[in-house]
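FYI, the numbering just counts along the sequence from 1. This is a predicted model, so every value here is computed, not measured.
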Amino acid sequence: MRLLADGRVGLRRTVLGIVTATAMLAGTSVALSSSPAGASAFRTLSAATSSGVWPGVGKICEPGSGGASSVRGVGSKNINIAVFNDAANTYIPGLEVEFPEQATAFADWCNAAGGIDGRKIVIDNRDAALFNAAQEATAACQSDFMAVGGGMALDQSTVPIREKCGLGQISGYVVSNAADLATDQVDPSGLNTDSISAGWFGAMTRAYPKAVKVAGMGGSDTPSVLQPETKLEFGAEAQGWHVADFLEPAEAVENWAPYVEDYQSKGVEALWPADTANFTPFAQAMTTAGYHPAFVLLAENFANTQTQQAVAADPELPPVYVETQWWPLAMASQNPSTEELVTIMHKYTKGDAIDFDDEEGAESWLLWAKAASACGASNLTVTCVLNHAAATTNWDAGGIESPIAKLTLSNDNPQPSPCYAMLQLTAKGIVYDKKLTDPTQSIWNCNPKNVVQLTAAQQAQINAL
């Protein structure tokens, strides 16, 4: 079941299992963080080689003078960076564990090329375990330069803490409206509170015009989730859906049967499930109930092996589609930037699964490194990094994500990408559906009408949740 909303467009987060991070110090030169107790420092290797050039982004890591600095988290030889996540929680163990894993791999790659103008990146694993978000934000305020490439499910409480201490952030994802609009932040996805990218709902309307007349949606009964899921409801309706059933299950669901039966009793034919993390039990409940809508549409985080295997194991399921604004990993060889990500993940985090969370983290790190390098060793400040990041145009992380025309600070009304692609989960794998996507640019459908502008009344309803 799904728990959370994804910062890209208020979509859901996923868990691919428990992964324990270990230092693996034997025979390796390492730089460990001197962060306070509770922050786990991931290894940073120095033995590997790297050019510091990322395909489609350019040279972002290289040797340099480093030097003394009075900026928090910036030393003469190191830069301490916070990576927020919830991996240690007991409800969905391993939630967002990909963020510190990917950050560690990127730091290893960058440090092997000399770091950021000679300063090595040190990763501070700020694991909130869902319910310690404010505590971890406070800890990061003590010793970290910035927060990069992470996210916490219940992030609303962190915003005033981070803003007060000036902890700049280039986010992996944000969830709550408060985080969407936070200061001292650039969200590489262009997320805001008055519009939403929702073109995939329109794609399903064109393919299944009758089914979308009776649609089902939903999300966990907590404001951090209901706000973005309600945005998605408004986006779907603007793209031709009529939402007849919007369910709000508790955060902890042990039995999806009642929710499946509710959708079934309302005659829902177009289904965006209220399930929020693991599709397998929801799919099993559908089959047990004999519920066969016209299709199931899932958020991009479901484009993983776990979901694909669940679909392959259950031939009674209707067609299952996934929308994405990230280059499909199955097509990594067709995009050098995505291929580079896969390569460094295999090299530096051997055995770890690679999914869209790694892409989400990587585009944040690429933007941060590009901006930090532009500041130079003597002017590495939060303001400089954020200003360079916010001035970036035509950003796509070298092709890892769908393109965004102009980035900006999160409190300056950024605009989301209109581009998306459609995938289908099949018994043979996760397949790019070119016909359903109807691409206008590379693999993407980038029709400007894919972005839905929310009315003042809709925004007020969301804010009241």
Side-chain angles (χ1 to χ4, degrees), residues 2-13 133-134 151-163 169 171 173-187 189-202 205 212-251 266 270 272-274 276 297 299 323 325 404 406 408-418 448-465:
R2 273 208 74 176
L3 170 69
L4 305 171
D6 173 324
R8 177 128 196 131
V9 284
L11 302 182
R12 308 147 192 229
R13 307 295 311 161
M152 293 180 284
L154 306 178
D155 62 8
Q156 189 166 359
S157 66
T158 70
V159 175
I161 297 170
R162 195 177 57 72
E163 290 180 328
Q169 175 166 268
S171 55
Y173 83 99
V174 290
V175 180
S176 64
N177 273 11
D180 290 350
L181 299 173
T183 59
D184 293 329
Q185 174 180 279
V186 173
D187 176 7
S189 302
L191 190 67
N192 67 23
T193 58
D194 61 17
S195 64
I196 184 170
S197 189
W200 46 88
F201 294 113
T205 297
V212 301
K213 293 179 179 179
V214 187
M217 300 183 72
S220 300
D221 185 14
T222 179
S224 290
V225 177
L226 287 181
Q227 284 181 338
E229 291 293 343
T230 301
K231 284 179 68 176
L232 285 168
E233 179 186 14
F234 293 145
E237 291 184 331
Q239 295 285 336
W241 289 38
H242 174 70
V243 180
D245 198 12
F246 188 96
L247 300 183
E248 300 178 16
E251 291 183 13
K266 301 290 177 55
W272 173 275
T276 57
L297 176 60
E323 57 78 17
Q325 292 184 297
I404 296 181
K406 172 78 169 66
T408 187
L409 292 167
S410 290
N411 61 330
D412 196 24
N413 196 36
Q415 295 298 308
S417 171
K449 293 181 180 179
N450 294 333
V451 175
V452 173
Q453 299 297 320
L454 303 179
T455 67
Q458 288 172 333
Q459 293 177 58
Q461 182 177 333
I462 292 168
N463 290 330
L465 293 172

**Any donor-acceptor N/O pair, Tyr173 side chain to Ala153 backbone, under 3.5 Å** = yes

**Asked** Taking the side chain as C-beta and beyond, is there a heavy-atom pair between Val186 and Leu409 under 4.5 Å?
**Response** yes

**Message:** Taking Leu454's backbone N and O only, do any of them form a donor-acceptor pair with Gln459's side chain (distance below 3.5 Å, no angle check)?
**Reply:** yes

**Asked** So do the side chains of Leu232 and Trp272 get within less than 4.5 Å of each other, counting heavy atoms only?
**Response** yes

**Asked** What pairs with Thr408 under side chain to side chain donor-acceptor pair (under 3.5 Å), at least two apart in sequence or on another chain?
**Response** Asp412

**Partner residues of Gln185 under the side chain to side chain donor-acceptor pair (under 3.5 Å) criterion, sequence neighbours left out** = Arg162, Gln169, Ser410

**Request:** Scan side-chain atoms only and decide if Gln239 and Thr205 contain a donor-acceptor pair under the 3.5 Å cut-off.
**Result:** no

**Side-chain heavy atoms of Phe201 within contact of Val452, under 4.5 Å** = no

**Complete:** Minimal heavy-atom distance between Leu297 and Pro273, with the atoms involved, is O-CD, 3.5 Å

**Asked** Just how far is it from atom CD1 of Ile462 to atom CG of Asp180, taken to the nearest 0.5 Å?
**Response** 10.0 Å

**Request:** Determine, step by step, whether Gln325 and Ser197 satisfy the side chain to side chain donor-acceptor pair (under 3.5 Å) criterion, reporting the C-alpha distance in whole Å, the side-chain angles of both residues, the deciding distance to 0.1 Å, and the verdict.
**Result:** CA-CA 10 Å; Gln325 292 184 297; Ser197 189; 3.2 Å; yes

**Request:** Check Phe246 against Glu229 and note the closest heavy-atom contact, atom names and distance.
**Result:** CE1-O, 3.9 Å

**Prompt:** Taking all atoms of both residues into account, what is the closest heavy-atom pair of Val214 and Ala244, and its distance?
**Reply:** CG1-CB, 4.0 Å

**Prompt:** side-chain contact (heavy atoms from CB on, under 4.5 Å) with Ala133: which residues, sequence neighbours excluded?
**Reply:** Ala128, Met152, Ser157, Thr158

**Request:** Output all residues satisfying salt bridge (Lys or Arg N to Asp or Glu O under 4.0 Å) with Lys266, sequence neighbours left out; order by chain, then residue number.
**Result:** Asp245, Asp262

**Message:** For the CD atom of Glu237 and the CD atom of Gln458, what is their distance to the nearest 0.5 Å?
**Reply:** 8.0 Å

**Request:** Kindly say whether Asn177 contributes a backbone atom to a donor-acceptor pair with the side chain of Gln227 at under 3.5 angstrom?
**Result:** yes

**Fill in**
Residue set satisfying side chain to side chain donor-acceptor pair (under 3.5 Å) with Asn192, at least two apart, ordered chain then number -> Asp194, Ser195

**Request:** Please name the pair of heavy atoms, one in Ser417 and one in Ile404, separated by the smallest distance, quoted to 0.1 Å.
**Result:** CB-CG1, 3.6 Å

**Request:** Return the set of residues passing side chain to side chain donor-acceptor pair (under 3.5 Å) with Asp221 (not counting sequence neighbours), or none when no residue passes.
**Result:** none

